[in-house]
Trainee: 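Sharing a structure below in structure tokens format, with a few things to ask.
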Amino acid sequence: MIKFGPSGNSDIFYKQGYKSPLDMPAWLRNMGLDAYEYSCARGVRIKADTAEQLGAAAKENGICVSVHAPYYINLASEDSEVVKKSFKYITDTSSAAELMGASRVVIHPGSLGKLTRDKALANIRSNLYKVLEIINKNGINVSLCPETLGKKNQMGTLEEILELCLLDSSLIPTIDFAHLHALGSGALKNRSNYERVFERIFTVLGEERGRLIHMHYSRVEYTEKGGEKKHWSYEDTDYGPEFEPLAECLIKYKIHGTIICESRGTMAEDAIKIKKIYEGLAKEHLYPLEKLC
Ligand SMILES: [Zn+2]
């Protein structure tokens, strides 16, 4: 079964008077969701006891937690200080994730700077290997999930992410469909566009591993020159990609992973909308959901 949830906290969560992330798991369960991506995107600031309490609340409410590591990570850099800090961001996020009972840590691999893509990828590969060694040595039990990114100056095309995931069987690709759409200047228009993505994942990682991917979805605005510009909400239908053809692929390829909605401000409400689309399609047109488990 696929789990659905938001990235971070919806505006409405605060408007209803909630402040603490500890209230989030019960709030999400009430909405009918079962996943939550806690964001450390602007730094790992959560205290150990809060992380543990969040983990306990998530467990109690059946919410599967993942954690997004800071945006500042750059494993492509040739500056040893930048790489050292990037290692710390990843290990700090991984430790916090473990306290939350989260097994997946989403990371942005890095940016291109003045390097060629080949050189940047080689740097990321070697640094990712080193950080995996540190995590293993410290006995931290999480899977790092390198993410496909939407800006042209970032590392993280589908091919780059899949190649990185070949480094170690613990790595799980985060497939951000908004980013693939933006980077490809509107590449995900129909079901066959999405099918090509899933076929490629299966070819490189195999079906079993490919079915457990981590996913991000939202509508996105992009520019031809730079790629991703802004995430929008599900109601903003001027922007793609559409969710229905993705839902058809999730069913067709029997995907079991987690899908996190990254809409701007309405991530939880939109996660419910896309969950209902998926469940509706699964029930009416294709396979019964039980067969997917
Ligand atoms: Zn991300």
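Counting starts at 1 for both ligands and their atoms, in listed order. Because the structure is predicted, anything quoted here is derived from the model rather than measured.
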Trainee: With a distance cut-off below 6.0 Å to the six-membered ring centre and an angular limit of 45° from the axis, does Arg219 pair with Tyr234 as a cation-pi contact?
Mentor: yes
Trainee: Counting backbone and side-chain atoms alike, is an N, O or S atom of His216 positioned under 2.8 Å from the Zn ion (ligand 1)?
Mentor: no
Trainee: Does a donor on one side chain and an acceptor on the other come within less than 3.5 Å for His214 and Glu37?
Mentor: yes
Trainee: If you count every heavy atom of other residues, nucleotides or ligands that lies below 6.0 Å from Lys229 atom NZ, does the total exceed 12?
Mentor: no
Trainee: Would you indicate whether Tyr72, at its atom OH, is surrounded by more than 12 heavy atoms from other residues, nucleotides or ligands within a distance under 6.0 Å?
Mentor: yes
Trainee: Roughly, to 10 degrees, what angle do His68 atom NE2 and His108 atom NE2 form around the Zn ion (ligand 1)?
Mentor: 90°
Trainee: Cut-off 3.5 Å, side chains only: do Tyr253 and Glu199 have a donor facing an acceptor?
Mentor: yes
Trainee: In Glu147, the N, O or S atom nearest to the Zn ion (ligand 1) is which?
Mentor: OE1
Trainee: How about His179: does one of its N, O or S atoms come closer than 2.8 Å to the Zn ion (ligand 1)?
Mentor: no
Trainee: Tell me, please, if Glu262 has any N/O/S atom, main chain or side chain, under 2.8 Å from the Zn ion (ligand 1)?
Mentor: no
